[in-house]
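Step one of this worksheet: look at the structure below.
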Amino acid sequence: MADDNRVLDPEQDAAALKALTHPLRITLLGLLRADGPATASELAVKTGESSASTSYHLRVLAKYGFVAEAEHRDGRERRWRPVHAVTSWNNEEMDASPAGRAFMSRMARRQIDHLSRSLARYERDLDDGRLGPEWRRHAGITDLIPRLTADSLTELWQAFEGKLAELAERDAEDPRAEQVVVFAATLPVAARAPGEHDPLAAPGEADGPGGPEEPGADGPDGPGVPHGPGVHRNVSWGAS
């Protein structure tokens, strides 16, 4: 069973951070976290990659402690498992270096791509009858804009992740439970002066250096747990 959390250090884990930004590696890690242990060949079928490619990238993930060998069903091919259910980091520590800021930006954009893929999968599963109508009543997306202090924002995250951990533990053995892709974003935006250009009014301008990131990182990386101030949880990696 995977441990709950791995907190990445931007200095000690610099090589691991760089390795983790590869789209296929993030996808493989997410698949293992969502679906359980698998072989390189099984993951190749799911991703459309060659088994040689998935095997190579799994070894890289193992080198940096993200995956490890799992119990084998037979002696023909090794199986891999995730070492941690969740990957997180300290925002302030990451923000102290250009590499750390670039890593956070890339991961955020990959999560946005995962949101789009998850919405498409949710709609398809409803249309195909894989999900019952009871799920439609409570699923959805919201985009509220409350005014909060930094302290209140920290309290909101703690309450959200605490409740999520409580419910996930309660429903872990319930046969009615399904995997739920949960997204949360809290992005403070400074007020603009009257007449000042607002980048929110011009979609596409805030894609960051180099434009929007390429797709390829989606899928849940496990139930959330409460965290302290300054820590951002990487909620969604894998393949929808």
Side-chain angles (χ1 to χ4, degrees), residues 3-13 17 20-21 26 30 33 84-119 138-171 180-194 196-209 212-213 217-238:
D3 298 330
D4 280 344
N5 186 20
R6 176 180 179 180
V7 180
L8 296 175
D9 182 281
E11 294 185 2
Q12 297 181 3
D13 299 317
L17 291 175
L20 199 58
T21 59
I26 296 175
R33 286 172 168 174
H84 310 92
V86 174
T87 307
S88 62
W89 56 82
N90 184 288
N91 278 354
E92 293 179 347
E93 292 176 357
M94 284 288 186
D95 199 47
S97 70
R101 292 192 295 272
F103 175 82
M104 290 193 294
S105 180
R106 289 174 67 89
M107 292 302 103
R109 281 163 173 75
R110 295 186 189 282
Q111 289 174 312
I112 292 171
D113 176 68
H114 179 208
L115 173 58
S116 177
R117 291 171 181 263
S118 296
L119 175 60
H138 303 293
I141 301 172
T142 184
D143 55 345
L144 306 175
I145 312 180
R147 290 181 60 83
L148 299 173
T149 64
D151 288 342
S152 293
L153 194 56
T154 297
E155 184 178 344
L156 176 62
W157 270 108
Q158 291 172 335
F160 167 74
E161 293 199 328
K163 188 63 178 180
L164 179 59
E166 174 191 331
L167 295 175
E169 181 177 3
R170 186 187 71 184
D171 293 350
V180 177
V181 182
V182 178
F183 287 88
T186 53
L187 307 173
V189 289
R192 263 62 179 179
E196 182 181 0
H197 173 66
D198 185 353
L200 290 179
E205 291 188 14
D207 286 330
E213 290 296 329
D218 42 311
D221 68 354
V225 293
H227 61 66
V231 176
H232 167 80
R233 183 151 329 284
N234 203 16
V235 179
S236 312
W237 288 351

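This one's a predicted model, so the numbers in the text were calculated from it and none came from an experiment.
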Between His84 and Asn5, what is the shortest heavy-atom contact and its length?
-> CD2-O, 3.7 Å
Tell me, yes or no, whether the heavy-atom count around Glu169 atom CD, taken from other residues, nucleotides or ligands under 6.0 Å, exceeds 12.
-> no
Under the side chain to side chain donor-acceptor pair (under 3.5 Å) test, residues paired with Thr186 that sit two or more places apart = Trp157
Is a side-chain donor-acceptor pair under 3.5 Å present for Ser105 with Arg109?
-> yes
Roughly how far apart are Asn91 CG and Met104 CE, rounded to 0.5 Å?
-> 5.0 Å
Approximate separation, where rounding is to 0.5 Å, of Met107 CE and Met94 CE = 9.5 Å
Stepwise side-chain contact (heavy atoms from CB on, under 4.5 Å) test for Glu155 and Phe160 | CA-CA 9 Å; Glu155 184 178 344; Phe160 167 74; over 6 Å; no
Rounded distance (nearest 0.5 Å) linking atom CG of Asp13 with atom CZ of Phe103 = 9.5 Å
How far does CG of Asn90 sit from CG of Asp9, to the nearest 0.5 angstrom?
-> 9.0 Å
Are side-chain heavy atoms of Leu115 and Ile141 found at a separation under 4.5 Å?
-> yes
Between Arg33 and Thr87, do the side chains contain an N or O donor and an N or O acceptor separated by less than 3.5 Å?
-> yes
Rounded distance (nearest 0.5 Å) linking atom CD of Glu161 with atom CG of Leu156 | 10.0 Å
Inter-residue atom distance Leu17.CG - Arg106.CZ, 0.5 Å rounding = 11.5 Å
Please examine the side chains of Ser88 and Leu8, heavy atoms only from C-beta on, and report whether any two atoms are closer than 4.5 Å.
-> no
Minimum heavy-atom separation for Phe183 to Gln111, with atom names?
-> CE2-O, 3.4 Å
Flag side-chain contact, heavy atom, 4.5 Å: Ser116 against Leu119 = no
